[in-house]
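The next block holds one structure in the form of structure tokens; read it before the comments.
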Amino acid sequence: MFSGIDEVDWASMEHAYGPADDVPELLRGLASADPAEREAALDGMYGAVHHQGDVYACTLACIPFLFELVVDPGVQDRGGVVELLTSIGGFDLDEDDEAEIDEDEIEGAANYAMAAAAVTAGAGVFFELIADEDPGVRLAAPLALATLHRHPVRVLALLRERLPVEPDEEVRLALVEAAGRVALRHRPLAERVGKWLGLLAERADSPGLRLAALAQLARCSPDGLPGDVVPVVAGLLREMRSAPEESGDRGDVGEHAPPGGIAAREDDEPEPGPDPAPDAEPVDPEPVASAETGRCEHVATPTLVGQLRSLSAQENAGRGAPWAADLLRTLHVGLDDRVGDRTALLADQLRSPDRRQRIDAVRMSGGLIRAWRGPYEELVALVGEQLSDPEPRLAEAASHVLEELFGLAAPAADALAARLAADPGSWVKTWASGPPGLSSTVKALARLGDARAVPALAGALELPQVAHDVGFAVGHLGATARPLAGALRRRLAEVELDEGAYDRASPLLAGLTALRAGEAAPEVLRVLRGAPEYRGEWLRTAALRALGAFGPAAREAVPELRALVRRPGTASATEAAEALWAVSGDAEAVLPVLIEGLQSDQVHDRRAAAVALGALGPRAAVVAPRLRGLLAHEELWLRVDAAIALWEVSGRTRETVGALLTAWEQNRHVRVRVAECLARMGPVPEGSAAAHVLRSELVSVRRHNAMDGGYGSHDIHEDEKLLALCRQALRGTGKGSTS
């Protein structure tokens, strides 16, 4: 094994962390008899040689040696190596991608293409591995074939042939998943695959296999799903809960089922068997060892791979069918915008007697609501019911989901309040490093504006270190949190103005700002005057925003603010001018400062000046030409702020609305800001371009800020705010007209 490995000039290559001269050691580690060494080597391959999916020259040089490993039956844990090869060779570079590649990316794109070609050229070995004695290898081989082999028809035939003789339930599910992958990669085969999956979903003896078939059907041929998919899936889940261990079950349906696990019927198109090929040996149809006797045991290691495997093992401990959650997630992804079906399915899962299934359902509920708009009252109430469950993971999962829902969490308000009252000790969470923070339950209730969160915030304000997010919670409660003003003011007066002042004072300043607690002006002025050098600018900004929120009640701060605005061209001067206007209404004093800020070299400062000028309204009409000139600026957010300010100072809507609607189409993340302006302008004329845009947004089922593979904690709140603003603009409750 590894013939010629030392002849490769590894030192001349690099991986993610420098010279690749350690790659031979990693490759040899993959063949080690020591499980910990194998795990560390695999972790090193993913961490350096194939870092975050990248392909380097050394990655390409590894491919022949990785193939040597996967075909050697003496090597253990070869399934992990098969998965590594699948990842290295599975990158698809289509024509659209090629058009977007710049010069700096040419070498990387070439590496991806060479890796795909090299791994695909050797993919015939996976035909042999699909009947390997090691269940871990058999588990990884189907997806490798579906992803890498050049002859998808032969791959499909092999998957169908293997299914009835495969003894391991999890491997059988992998065979079905691979069929779905083939259909997605080769769309002309989708109808054929969908027909087979539909038959499996109807006739397979194993409920897990039927669920897997439905999940893949949803992904590759959703029109083939049964009309009553929700009760069908619910029935399968109940059957799986009540069934004995399925590891010995077969996928056969009927006493004389042909390859594929289902009896043939007249309308089922026959599949050819795999053609003999020089790169593939005939598949042995005899059953092989089950997972219980053949799968290698893994040891705990400090590597990332080891930690992920350990977490997965903890999560799945005691589950009769740990793969069921993955199947359900796949099914939900396939159902896509069928929000009604997905909601009904999750509601059924949340009523399950199986706590683990309810944990999965809570998390999937969060994912559904995060990406899609819909009526979620019943679903949210069911999530709220999980808060009283004695299983801490279930209650915590529910609390975290409700925290993200803001106003949509209303059906769970009583459940949140009950959980809060039952455990006062959990109101604030402390960490090994960093400041404490409010619990998810407190934040969820506060974001509803529910007064029952106030005692928890009062308790948090009495702790030695104030939770970093207290101010945000006060902001959501608004006037309801007014009783907290005294405690916020007292704690701010106690803050030492040293290097840690910003961390200690900012949550208090945020709370006082939200409450517009003008009586705290003396304490805020103390902070403004004594801000330390470290993070001093941040602290002064927070203090200035508080004084601006206090308005005329902070009149004693006017001399300090006038002194700050005498330093024009700085960010603090713009912020001080904004506060001075709010406190004194002296437009003559602030206008020159803001005009100069509008000419700053920094886009952020120009945006701040534009927003502040807009607040002056017609008193800043003199800057209208300057703002109009910014409508063609290359920075989109500056164009939006300038357009809004232009309307505020001039009252002219035609050019403003045009600029705003252009930005709306260019960047979905500006839509809330644009809609706020349109709502204030209102009413939007029926039949206008603005009305068309707003109505199109309202009929969209997908949230405007939904992202694949990531999300923000305020995404749902921002999208619901956008919908409310669109409705408001169309109702015409603003102060002007967009005509």
Side-chain angles (χ1 to χ4, degrees), residues 513 528 536-538 540-549 551 557-558 560-664 666-667 669-678 680-681 735-736 738:
T513 301
L528 181 66
E537 186 176 342
W538 297 358
R540 281 190 292 273
T541 294
L544 288 169
R545 287 175 180 170
L547 293 170
V558 168
E560 197 78 29
L561 296 175
R562 289 190 184 279
L564 287 172
V565 299
R566 294 192 187 105
R567 292 180 286 182
T570 64
S572 59
T574 298
E575 291 155 358
E578 197 170 5
L580 181 59
W581 163 252
V583 173
S584 70
D586 188 348
E588 291 184 5
V590 304
L591 193 54
V593 178
L594 298 179
I595 291 174
E596 186 161 346
L598 207 59
Q599 302 170 41
S600 169
D601 293 334
Q602 301 297 316
V603 170
H604 176 270
D605 294 341
R606 300 179 84 174
R607 289 186 59 198
V611 171
L613 285 165
L616 268 65
R619 296 198 183 196
V622 67
V623 302
R626 296 175 186 267
L627 293 169
R628 191 173 292 111
L630 291 174
L631 297 184
H633 196 277
E634 61 182 11
E635 171 57 46
L636 179 139
W637 282 96
L638 178 54
R639 296 201 303 271
V640 169
D641 289 334
I644 294 172
L646 178 60
W647 170 71
E648 289 172 324
V649 304
S650 71
R652 298 179 62 177
T653 61
R654 188 175 301 278
E655 56 190 336
T656 295
V657 171
L660 294 178
L661 295 183
T662 298
W664 177 293
Q666 291 175 337
N667 188 329
H669 297 293
V670 306
R671 291 183 183 178
V672 171
R673 184 102 171 89
V674 171
E676 284 175 335
C677 184
L678 294 176
R680 285 190 290 123
M681 288 178 178
K735 64 180 182 181
T738 59

Are [X] and [Y] packed together at the side-chain level, in the sense that at least one heavy-atom pair is separated by less than 4.5 angstrom?
| X | Y | answer |
| --- | --- | --- |
| D586 | V558 | no |
| N667 | W637 | yes |
| T656 | M681 | yes |
| L646 | R652 | no |
| D605 | T574 | no |
| V623 | L616 | no |

Give, for atom [atom1] of [X] and atom [atom2] of [Y], the distance between the pair rounded to the nearest 0.5 Å.
| X | Y | atom1 | atom2 | answer |
| --- | --- | --- | --- | --- |
| R671 | L661 | CZ | CG | 11.0 Å |
| L613 | R606 | CG | CZ | 12.0 Å |
| L547 | E560 | CG | CD | 9.0 Å |
| L561 | L528 | CG | CG | 7.0 Å |
| I595 | L627 | CD1 | CG | 9.5 Å |
| E588 | W581 | CD | CH2 | 11.0 Å |

What closest approach, in Å, do [X] and [Y] show between heavy atoms, and which atom pair accounts for it?
| X | Y | value |
| --- | --- | --- |
| V590 | A577 | CG1-O, 3.3 Å |
| A609 | G597 | CB-C, 3.6 Å |
| A620 | L591 | CB-CD1, 3.9 Å |
| A621 | V649 | CB-O, 3.7 Å |
| A643 | A659 | CB-CB, 4.1 Å |
| V670 | A663 | CG2-O, 3.4 Å |

Notebook entry, point to check: Can you tell me if R639 uses its side chain to pair, donor with acceptor, with the backbone of A632 under 3.5 Å?
Noted result: no
Item checked: NZ/NE/NH1/NH2 to OD/OE distance under 4.0 Å, R540 and E575 ->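 No.
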Margin query: Show, in sequence, the C-alpha distance, side-chain angles and deciding distance for D641 and R673, and conclude whether the side-chain contact (heavy atoms from CB on, under 4.5 Å) test is met.
Written below: CA-CA 9 Å; D641 289 334; R673 184 102 171 89; 3.0 Å; yes
Item checked: Given Q602, H604, E596, the one that forms side-chain contact (heavy atoms from CB on, under 4.5 Å) with S600 ->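 Between S600 and the candidates, side-chain contact (heavy atoms from CB on, under 4.5 Å) is satisfied uniquely by Q602.
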Item checked: R619 CZ: over 12 foreign heavy atoms closer than 6.0 Å ->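 Result for CZ/R619: open.
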